[in-house]
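So the structure is just underneath, and the comments pick up after that.
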Amino acid sequence: MQSVLIDSLEKVLGEAVPRPAALIGGAHASGFLGEVLSLQVALRLEADEGPDLRVELAGEVAGSTRIHAVRRVPVSSAAPEDPDEHYLVTEPGEYPDLLEPVTDGVVRVGQGIWEALWIDVVDAAPGAHDLTITLVDAAGGQVLAEHVLQLRVHEHRLPPLSITNTHWFHVDSLSTYYDVEVFSEEHWELIETYLRSARQMDVNSVLTPTWTPPLDTAEGHTRPFVQLVGIREEGGEYSFDLSRLDRWLEICRRLGFTGLEIAHLFTQWGALKTPAIQVQTASGLEHRFGWHVSATSPDYRRLMESLIPTLRAHLDEHWDGRVLWHISDEPREHQLEDYSAAKAQVADLLEGAEVVDALSPFAFAEQGVVDTPIVATNHVGPFLEAGWHPWVYYCVSQNRDVANRFIALPSVRNRVLGRQLFAFEAPGFLHWGFNFWWAQYSLRPIDPFEDTCSGGGFFGGDPFVVYPGPDGTPWLSLRYRVFVQAMADHRALTWLAELTDRASATALIDEGGTLTYSSFSYDVEEHLRARHAVDEKILAALEG
């Protein structure tokens, strides 16, 4: 057997010998209290060697160590037709992404190709630590390899993330995949478990299904109803039951979320129609609004006149964090008039509220149609040139040159986002898919273990960063872990800027003044050494 200790930014694709981890500042991995320190052991078993390995840990952090097998997953759509030169792969295939927990110390690995074990050290005490990992043939007991991981944990905690970080949470994915009734006790348990996982990814704002979010839904089609706000109409008057919303608020408050996003008030891609909303009447539960009702419908305005003030007053009283409102997702420039008409339906009701929307045409901002634009990273140029420091987002269309998290991309292209958000003073980041386990347009559910591309509509890894574990807990992706590192980079840089000044902090990561949203270093050691330099300057400032 061959084996190599590698860092967390290496992807083990199978054939090539992986790049060894470097010792930086005397450690293979370092960070502050509470940071998860991640490394990997790449290994290659020969065809005549048994596939089962026992992983033995020794050292004072052994009890804080979690082992995962890095599993390959099917990717039917790896890259665009004209990919840039930095994609690791471009053809369909099976590629590393899923982190499968190793719970009993024994793991089965493939033979004849390079595989990887992922090592997380969680909540280790301050100081320098050695962790010895021994790989043993589970059948014969022969020691096959041994690696000593050198770790360093600083005796301070990073401050909380200072920007808004939202990855849209899809409640219907949980009820559908696990086959439980919407808002049953089983569903609520899943919701809390997965929200906790999102929070541990430094997500601090959560898309809240006050009504079923009108996102990625084919025209005329309806996703499962997941409406927290009960709506009843009697005698032409609306009344509201907010008990489910209060339960949601309690969970979010307990888990440490600081922001809520109210579900979009109009449909995606133009704001032409209303979201799917159910209303209880004397005749039963009615699907009153949806694709069949225009955005400018007087009936919808009448509902909003009751619902929006009720929601705003209730949240003012029961929620201490931010409340973000959305009009419609991703309107195009030719839809500016339709978007404006939809917004006019509710503008007076949202006076003084914070309204944010993902869109890229500068005309929306220039004409004041949207209060807070969230701009695609490949369209941010005009905003920066005009002196804006906008929120940014990326998804399937941001597939050339800019940061992204596709399975086929190198991990450094996921991690670089942290330094970019800091350097360009972005107030927030948005991604649409924490757990979107549907085919494109939500036409059918998918099995994420078998389909990472939503039926081929997206590049592998775009729709989700967690997999549905069989015990009702999320199984993480290595992309999840790397994104957490990106946010930790941002937290460290923000802290250093507060302790010293922004220019000094930026100089450590601006790559000689060449860093942009579409131009950045792919040198893994440069990223790791820069983070080490940031940490050392923080420690020096604290001691000084």
Practice prompt. Kindly say whether the aromatic ring centers of F429 and H167 come within a distance under 6.0 Å.
Written response: yes
Practice prompt. Would you indicate whether the side-chain heavy atoms of T217 and W291 approach each other to under 4.5 Å?
Written response: yes
Discussion item. Please tell me whether D489 and H527 have a donor and an acceptor in their side chains that are separated by less than 3.5 angstrom.
Written reply: no
Worksheet item: So do L478 and H68 actually touch side chain to side chain, heavy atoms under 4.5 Å?
Response: no
Fill in: Donor-acceptor contact present, side-chain S64 to main-chain V121, <3.5 Å
no
Worksheet item: Salt bridge between D97 and R479, side-chain N to carboxylate O under 4.0 Å?
Response: yes
Discussion item. Less than 6.0 angstrom separating the ring centers of Y300 and F289, yes or no?
Written reply: yes
Fill in: SB check R71 E115 (cutoff 4.0 Å)
no
Item to complete: State whether E317 and R312 are salt-bridged, where the test is any N-O pair (Lys NZ or Arg NE/NH1/NH2 against Asp/Glu carboxylate O) under 4.0 Å.
Response: no
Worksheet item: Among all residues two or more places apart in sequence or in another chain, which pass the ring pair (Phe, Tyr, Trp, His ring centres under 6.0 Å) test with H156?
Response: none
Practice prompt. Sequence neighbours left out, what pairs pass salt bridge (charged side-chain N to carboxylate O under 4.0 Å, His left out) with at least one residue falling in residues 188-208?
Written response: E192-R196, E192-R254, R199-D202, D202-R491
Worksheet item: What salt bridge (charged side-chain N to carboxylate O under 4.0 Å, His left out) pairs are there with at least one residue in residues 418-430, not counting sequence neighbours?
Response: R419-E511, R419-E526
Discussion item. Checking T372 against E354: is there a side-chain donor and acceptor pair closer than 3.5 Å?
Written reply: no
Worksheet item: What pairs with R223 under salt bridge (Lys or Arg N to Asp or Glu O under 4.0 Å), at least two apart in sequence or on another chain?
Response: D172
Discussion item. What I'd like to find out is whether the side chain of F183 reaches to under 4.5 Å of the side chain of I191, using heavy atoms alone.
Written reply: yes
Item to complete: Could you grab the distance from atom CD1 of I262 to atom CD1 of I308, nearest 0.5 Å is fine?
Response: 9.5 Å
Item to complete: Please report the closest heavy-atom contact between C252 and L195, naming both atoms and the distance.
Response: SG-CD1, 4.3 Å
Worksheet item: With W495, which residues qualify under ring pair (Phe, Tyr, Trp, His ring centres under 6.0 Å), at least two apart?
Response: F32
Worksheet item: With a 4.5 Å limit on heavy-atom distance, are the side chains of F449 and P74 in contact?
Response: no
Worksheet item: Any side-chain donor paired with an acceptor under 3.5 Å for S8 and R481?
Response: no
Worksheet item: Got a donor-acceptor contact below 3.5 angstrom from the N414 side chain to the S411 backbone?
Response: no
Item to complete: Determine whether P390 and V375 make a side-chain contact, defined as any pair of heavy atoms from C-beta on separated by less than 4.5 Å.
Response: yes
Worksheet entry | ring-ring contact (aromatic ring centres under 6.0 Å, His included): pairs with one or both residues in residues 189-222, sequence neighbours excluded | Y194-W437
Worksheet item: Salt bridge check: are E219 and K273 linked by an N-O gap of less than 4.0 Å?
Response: no
